[in-house]
Novice: 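One structure, as structure tokens, below. Some questions next.
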Amino acid sequence: MSTDRAAPDRTGDPAATSTGLRIVPRRHFGRWLATALILLALAGIIRAFAVGQIEWSIVAQFLTARSIMNGLLNTIVMAVVAMALGIGLGVLFAVMVMSSNPVLRASANGYIWFFRGTPLILQLLLWFNLALVFPTLGIPGLFEFRTVDVITPFMATLLGLGINQGAYTAEVVRAGILSVDQGQTEAAQAIGMARPTILRRIVLPQAMRVIIPPVGNEFISMVKLTSLASVIQFSEILRNAQTIYFANGRVIELLIVAAIWYIIVVSILSIGQFFLELRFSRGYATGRR
Amino acid sequence: MSNSPSSLVKGRGITKIFGAHRALDSVDLDVSRGEVLCIIGPSGSGKSTLLRCLNQIEKPNSGMIRIDGDLAGYRQKGEVLFELDDRAIARQRLACGMVFQRFNLFHHMTALQNIMEGPVTVLRRRKEEVRKGALKLLDRVGLSEKAGAYPAQLSGGQQQRVAIARALAMQPKLMLFDEPTSALDPELVGEVLNVMRDLAAIGMTMIVVTHELGFAREVADRVIFMDAGRIVETGTPEELLSRPSEQRTKDFIAAVLS
Ligand SMILES: Nc1ncnc2c1ncn2[C@@H]1O[C@H](COP(=O)(O)OP(=O)(O)OP(=O)(O)O)[C@@H](O)[C@H]1O
Ligand SMILES: [Mg+2]
């Protein structure tokens with residue numbers, strides 16, 4: 001892309017060759033000015049942090065502390081399972097929204113309406129406090145659990161994040177399914193495929209091309225959203241960082257530790273997303289396998 | 001089950017209504033085993049809709065269709081008809097192979113995978129044995145060297161030949177072609193018609209919607225002219241194309257030839 005926009009070869013410039021006159025390329029004063037300003041600002045920020053009240057040695061010390069590592073692991077595990085739940089529900093509800101059965105359609109729309117209409121943190125609190133509404137869960141007579149035993153901070157976070165994510169992913173999946181040409185479904189019907197097989201073998205794989213980029217973005221948000229679970233005592237990285245700074249008072253240092261890890265994880269995910277997109281564009285980019 | 005041993009397709013009073021529009025108005029149709037039937041007619045006359053009803057992609061509002069004796073969309077028990085579910089209808093569709101104007105190859109699969117998909121996923125046959133058959137089919141449509149190519153890497157004519165191979169891989173009793181060459185550049189039409197000619201020669205029963213009157217004249221056993229959702233006239237290619245009796249048929253043929 002950038003090579004297309006590079007300055008044209010001046011030796012072949014028709015104006016130069018036909019007139020024999022020297023050409024002075026356009027000067028980009030604006031770019032130089034912007035660069036200078038940004039460098040100046042950057043230097044200011046770095047200096048501010050260097051002379052500010054930050055003990056960088058403490059950041060280094062806690063960067064790989066056991067509790068931080070555990071929190072990081074919990075954050076990653078939670079992001080993965082909650083996203084998996086979200087994608088599963090998203091596909092399910094997208095299919096329900098598009099079904100010809102009015103009951104299925106209405107209930108799926110109701111689900112999307114409710115979970116998109118309330119703040120995530122409120123949903124997390126609701127799940128966490130489910131025991132206040134239903135002291136026990138199960139089918140009376142068959143099996144029953146005390147809600148507080150089942151709805152651990154992990155479960156409450158998983159349900160809260162996953163079910164909320166499902167409502168958003170459903171819309172993405174629906175858009176993806178709609179992007180697949182109707183002719184694909186007809187061709188699949190013509191070779192005797194039944195609806196569920198068509199969805200699984202023909203439509204969803206092609207819808208992936210449209211679904212992957214936004215879901216990749218949402219996965220990245222999900223990693224950061226897990227931090228909301230600190231309010232319901234799920235020991236993800238931010239909560240563990242907080243626990244430490246409540247004890248030692250090094251608030252900024254531990255927040256920086258958490259920030260560094262978030263940035264690392266998100267950067268790795270962005271790279272992964274790039275390769276996933278490549279894989280799912282198979283068969284579209286002509287001349288490449 | 002079949003009523004007469006030679007009749008493969010039997011349609012009676014097939015009617016399809018879209019909103020207030022009668023796309024098909026009480027069409028009767030009989031196709032014998034091994035027959036090649038060409039359907040011609042102006043745009044919007046209901047040709048595609050007829051094929052789509054035969055393959056149950058559309059459900060007719062009334063009328064009945066029997067393919068090899070099986071009543072399309074229903075199970076008959078004495079005097080009662082039970083509507084079939086999606087799965088059973090999918091099974092009935094196996095009797096027909098269909099080729100579309102816009103090819104509709106599965107974009108995310110190679111030519112070979114397109115052909116293997118039905119036998120493996122629907123018929124649950126063993127992959128190895130299916131692959132052998134699929135390669136043979138590719139060879140038959142002259143595309144052995146394109147097995148690993150994705151549809152986007154194939155010309156229109158090549159895509160359509162793969163689509164024909166994909167339909168044949170299901171070993172249908174009947175092939176439906178909906179304007180298989182009208183999306184093709186003129187120089188690519190011949191290669192697809194050749195494949196269809198070969199199919200006709202080995203006795204495949206075919207219903208072909210086409211504007212290629214030359215092909216119809218040469219290959220068809222019978223030609224039908226449709227207009228406004230009805231069959232206007234039917235006859236041998238010679239009768240219908242050279243000596244049409246209806247004015248509408250005359251006008252249409254003159255328009256196509258001009
Ligand atoms: N899904 C649909 N919804 C509404 N109207 C439809 C639908 N499918 C077809 N029609 C209408 O039914 C009529 C017959 O359409 P059909 O596609 O069968 O015509 P055709 O003979 O195949 O024409 P062409 O030569 O242009 O392919 C047309 O008027 C068309 O607009
Ligand atoms: Mg048509």
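Just so it is clear: chains get the letters A, B, ... in the order the sequence lines come, proteins before strands, and each one is counted from 1.
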Novice: Count the heavy atoms of every other residue, nucleotide or ligand shown that sit under 6.0 Å from CD1 of A:Ile263, and state whether that count exceeds 12.
Specialist: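 Atom CD1 in A:Ile263 is not crowded, with 12 or fewer foreign heavy atoms closer than 6.0 Å.
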Novice: Side-chain contact, heavy-atom cut-off 4.5 Å: B:Arg87 with A:Pro196?
Specialist: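 Yes. Closest side-chain heavy atoms under 4.5 Å.
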Novice: Nearest 0.5 angstrom please: B:His107 NE2 to A:Gln184 CD, how far?
Specialist: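 Output value for this atom pair is 4.0 Å.
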Novice: Between chain A and each of B:Glu117, B:Gln92, B:Arg102, count heavy-atom pairs under 4.5 Å; write down the option with the most.
Specialist: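 Most pairs with chain A among the choices: B:Glu117.
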Novice: If we check side chain to side chain contact (heavy atoms under 4.5 Å, CB included) with B:Thr121, which of these qualifies: A:Ile198, A:Thr197, A:Ile202?
Specialist: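 With B:Thr121 as partner, side chain to side chain contact (heavy atoms under 4.5 Å, CB included) holds for just one option, A:Thr197.
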Novice: Please indicate whether A:Phe274 has more than 12 foreign heavy atoms, meaning atoms of other residues, nucleotides or ligands, lying under 6.0 Å from its CZ.
Specialist: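 Result for CZ/A:Phe274: open.
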Novice: Just so I know, are the side chains of A:Gln189 and B:Met98 near enough to count as touching, which here means a heavy-atom distance under 4.5 Å?
Specialist: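 Answer no - side chains too far apart.
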Novice: So which part of B:Phe106 gets closer than 4.5 Å to some heavy atom of chain A, the side chain, the backbone, both or neither?
Specialist: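 For B:Phe106, backbone and side chain are both near chain A.
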Novice: Can any side-chain N or O of B:Asn104 pair as donor or acceptor with the backbone N or O of A:Ala187 at less than 3.5 Å?
Specialist: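 Not a single qualifying donor-acceptor pair exists.
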Novice: Which of these, A:Gln206, A:Arg201, A:Arg209, sits in a side chain to side chain contact (heavy atoms under 4.5 Å, CB included) with B:His108?
Specialist: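 For B:His108, the side chain to side chain contact (heavy atoms under 4.5 Å, CB included) check succeeds only for A:Gln206.
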Novice: I'd like to know which of B:Asp85, B:Ile89, B:Asp86, B:Leu123 tops the heavy-atom pair count under 4.5 Å against chain A.
Specialist: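 Ranked by heavy-atom pairs under 4.5 Å with chain A, first place is B:Asp86.
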Novice: Closest approach of A:Gly192 and B:Leu94, non-hydrogen atoms and distance?
Specialist: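 In this case the closest contact between A:Gly192 and B:Leu94 is CA-CD2, 3.8 Å.
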Novice: So what's closer than 4.5 Å to chain A heavy atoms on B:Leu105: side chain, backbone, both or neither?
Specialist: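 When you check distances to chain A, only backbone atoms of B:Leu105 fall under 4.5 Å.
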